[in-house]
Amino acid sequence: MINQEISEILGKMAEIMEFLGNPADKFRIRALQNAAIAIGEASDNLELLAREHRLREIPGIGEGIAKKIEEYIATGKIKEFELLKKAVPKGFFELLGISSLGPKRVKILHSELGISNIEDLKKAIADGKVQALPGFGEKSAQKMMEGIDIKERSKGRRLLGEVYSTVEEIVENLKKCKDVLKIVPAGSFRRMEETVGDIDILVTGKNHVKIMDYFAGQPYVHKILVKGDTKTSILTNEGLQVDLRVVDSNQFGSALQYFTGSKLHNVHLRTFAKNRGFKLSEYGFFKGEELVGSKTEEECYGALGMDYIEPELRTDNGEIEASFKHQLPKLLEPKDIRGDLHAHSTWSDGASSIEEMARRAHEQGYEYIAMTDHSPSLTVAGGLKISELKEKKREIDALNEKLPIKILFGTEVDILKDGRIDYPDEVLKEFDVVVASVHGHFNQDNTDRILAAMENPFVHIIGHPSGRLIGQRNAYPLAYEKLFKRASETGTALEINAHYSRLDLQDVYIREAKRWKCLFSIGSDSHSFKSLWMMQLGVALARRGWAEKGDILNTLPWEKLKKVLK
DNA sequence: GCCGTTTTCGGCCCGACTGTTTTCAGTCG
């Protein structure tokens with residue numbers, strides 16, 4: 001999305017300016033960095049904001065950066081960036097990607113040894129030239145070689161759902177260390193961002209050294225990157241970086257607050273607090289010299305006169321002000337979910353039978369699960385022909401007689417290229433739940449197709465509305481305002497697809513759609529009973545979009561849901 | 001370059017770890 005592109009450019013501009021090293025640019029650099037992060041996490045599409053001349057509503061964006069953004073939207077380029085790029089060696093950003101190398105040292109390497117890319121650097125280290133530079137030594141050369149190795153091994157940020165079980169395993173493993181009292185994963189994982197760069201884990205315990213030794217000695221540790229009394233960083237065998245921080249129990253709250261971030265949330269919170277005479281750090285919240293909060297996060301926020309802010313909201317998008325005014329939403333919680341409204345079975349492209357799916361759903365505490373197998377157009381996914389539906393219905397009816405959970409007769413139909421649905425109305429009306437999704441023609445604006453689907457009285461839910469696959473396929477262009485308006489008018493729910501590769505709608509749009517009073521349904525899009533747990537990711541996504549229980553269809557008991565769907 | 005319960009000027013979050021240093025700069029989060 002355009003936000004990511006612009007965020008990257010602004011960040012790179014800051015890096016180049018640091019490289020150039022003009023002292024007068026010190027705070028300009030910081031402003032660019034702040035803006036880059038703010039845009040990366042902004043809950044609004046920049047193109048949309050620019051059109052309405054509302055760019056400066058994003059904290060950190062002023063007149064100068066707003067102009068640059070408008071320039072990029074209009075021309076696809078930022079002139080100043082094009083000029084700055086000419087001032088750095090070709091492999092500059094590649095070199096910066098190496099851990100332990102920043103703009104200052106890249107500059108020395110370039111001016112002293114003419115190093116402009118990773119290959120040059122490897123050679124200079126092999127020749128012993130880097131080690132001989134003032135300020136550099138044998139150790140830093142070795143660090144750089146390790147940094148290159150890590151860069152080549154790691155695949156960048158990973159999907160939340162892909163690291164989920166790894167984090168659970170590491171937490172379970174750390175529990176076995178008898179010096180550890182409390183363990184909580186922090187950072188982007190706790191905020192449930194769609195991707196995570198590394199994993200931060202916070203523990204409390206008396207004997208810091210023993211805990212660090214225990215952690216560093218585990219079989220999943222491939223390499224120790226940093227090891228100290230309060231922080232140890234390792235690389236797992238799969239190339240995932242895990243940072244372990246140890247604090248005393250009485251500092252758990254302030255430390256958890258700090259290590260949960262986001263960076264922008266913390267910077268804003270500290271500035272906010274500083275203006276009121278407080279000083280915040282991971283060791284405590286202080287008013288002057290007096291400690292006013294440190295044991296729990298509630299105590300810390302409370303000391304500032306604020307309500308507790310849920311981790312998913314800590315993106316610096318108005319949550320600090322809302323908390324201070326006691327206007328935060330009461331967020332949806334996992335226990336509010338009574339069923340799953342999007343799941344597949346062996347009837348189409350799933351790996352589990354309806355019975356297996358239903359049994360696991362019951363174990364998760366659900367009252368119902370909708371079995372929404374594909375429709376005929378999706379031949380690759382074994383979509384059901386009309387003639388097969390009766391048999392599937394009979395199976396569901398039989399299972400409903402013997403299982404302690406209600407199985408809903410559902411379907412995920414295709415929205416065809418012209419907006420029609422690929423079952424006729426007299427077939428559609430037999431289903432309990434109809435999810436309508438776009439499964440083809442991704443490279444066009446699909447607003448009209450989806451609007452047409454919403455007009456169909458038998459369509460209850462628009463599945464994965466934007467069609468994106470994280471890191472693989474961009475969302476197709478959509479006029480979101482039109483969709484939200486019509487969804488609200490027709491009572492068509494928008495899906496919050498919980499599958500970790502989709503997470504669609506995104507938090508940005510959930511929040512926007514909520515302003516239009518749209519309804520949502522959360523579906524795991526599971527193709528196996530083993531995937532039903534992904535509902536948690538969908539709940540977290542909904543929370544990141546400020547959604548409350550009343551916004552979500554599948555918080556309703558079946559008897560009420562049935563009426564809403566009709 | 002951004003921002004405002006002290007401000008349209010004068011500040012800009014705070015600390016750990018590392019390596020190369022005799023007191024600190026660079027990097028990272």
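Residue numbering restarts at 1 for every chain, and letters A, B, ... go by the order of the sequence lines. For the numbers below, each heavy atom of this structure counts, side chains included, while hydrogens, waters and symmetry mates do not. Since this is a predicted model, take the numbers as computed values, not measurements.
Of the listed nucleotides (dG29(B), dC17(B), dG1(B)), dG29(B) has the atom at the smallest distance from the side chain of Asp243(A). Here the side chain of Ala31(A) is nearest to one of dG26(B), dG1(B), dC14(B), namely dG1(B). Of all nucleotides listed (dG15(B), dC13(B), dT6(B)), dC13(B) comes nearest to the side chain of Thr271(A). For Lys139(A), the listed nucleotide lying nearest its side chain is dG19(B); candidates were dC14(B), dC28(B), dG19(B). Comparing dT20(B), dT27(B), dG15(B) by their closest approach to the side chain of Lys279(A) singles out dG15(B).
Both tests hold for Arg276(A) against Phe324(A): distance to the six-membered ring centre under 6.0 Å, angle to the ring axis within 45°. Annotation: cation-pi geometry not satisfied between Lys12(A) and Phe81(A) (NZ/CZ under 6.0 angstrom from ring centroid, within 45° of ring axis).
Within the nucleic acid shown, Asn266(A) has no heavy atom closer than 4.0 Å to any nucleic acid atom. Residue contacts shown for Leu269(A) are absent, as no nucleic acid heavy atom lies under 4.0 Å away. Heavy atoms of Ser233(A) sit nowhere under 4.0 angstrom from any nucleic acid atom. When heavy atoms are screened at a 4.0 angstrom cut-off, Leu280(A) is found touching the sugar-phosphate backbone but no base atom. Counting any heavy atom pair closer than 4.0 Å across all strands shown, Ile98(A) reaches sugar-phosphate atoms only and no base atom. Arg28(A) comes within 4.0 angstrom of a base, heavy atoms only.
Going from the C1' atom of dC12(B) to that of dT7(B) covers 13 Å, rounded to whole Å. Nucleotides dT5(B) and dG1(B), compared at atom C1', are 24 Å apart to the nearest Å. When the C1' atom is used for both dT20(B) and dA25(B), the distance is 10 Å, rounded to whole Å.
Considering only side-chain N and O atoms, Tyr258(A) lies nowhere under 4.0 angstrom from the phosphate OP1 or OP2 of dA16(B). Taking side-chain N and O atoms only, Lys143(A) has a distance below 4.0 Å to OP1 or OP2 of dG19(B). Within the structure, a side-chain polar atom (N or O) of Arg30(A) is placed less than 4.0 Å from OP1 or OP2 of dC13(B). Remark: Ser140(A) is in phosphate contact with dT20(B), judged by side-chain N or O atoms under 4.0 Å from OP1 or OP2. For Lys231(A) and dG29(B), the shortest distance from a side-chain N or O to OP1 or OP2 is not below 4.0 Å. OP1 and OP2 of dC13(B) both lie 4.0 Å or more from every side-chain N or O belonging to Arg270(A).
Heavy-atom contacts from other residues, nucleotides or ligands closer than 6.0 Å to NZ of Lys227(A) number more than 12.
A ring-centre distance under 6.0 Å is found for Phe19(A) and Phe92(A).
Nucleotide dT8(B): unpaired (no Watson-Crick or G-U wobble partner with both distances less than 3.5 Å).
To the nearest 0.5 angstrom, Leu10(A) atom CG is 11.0 Å from Asn34(A) atom CG.
The aromatic rings of Phe272(A) and His268(A) sit perpendicular to each other, their planes meeting at more than 60°, with 30° as the lower class boundary.
Stacking between Phe27(A) and the base of dC12(B) is present: ring centres sit under 5.5 Å apart and the planes differ by under 30 degrees.
In this entry the distance linking CG of Leu264(A) with P of dC12(B) reads 18 Å, nearest Å.
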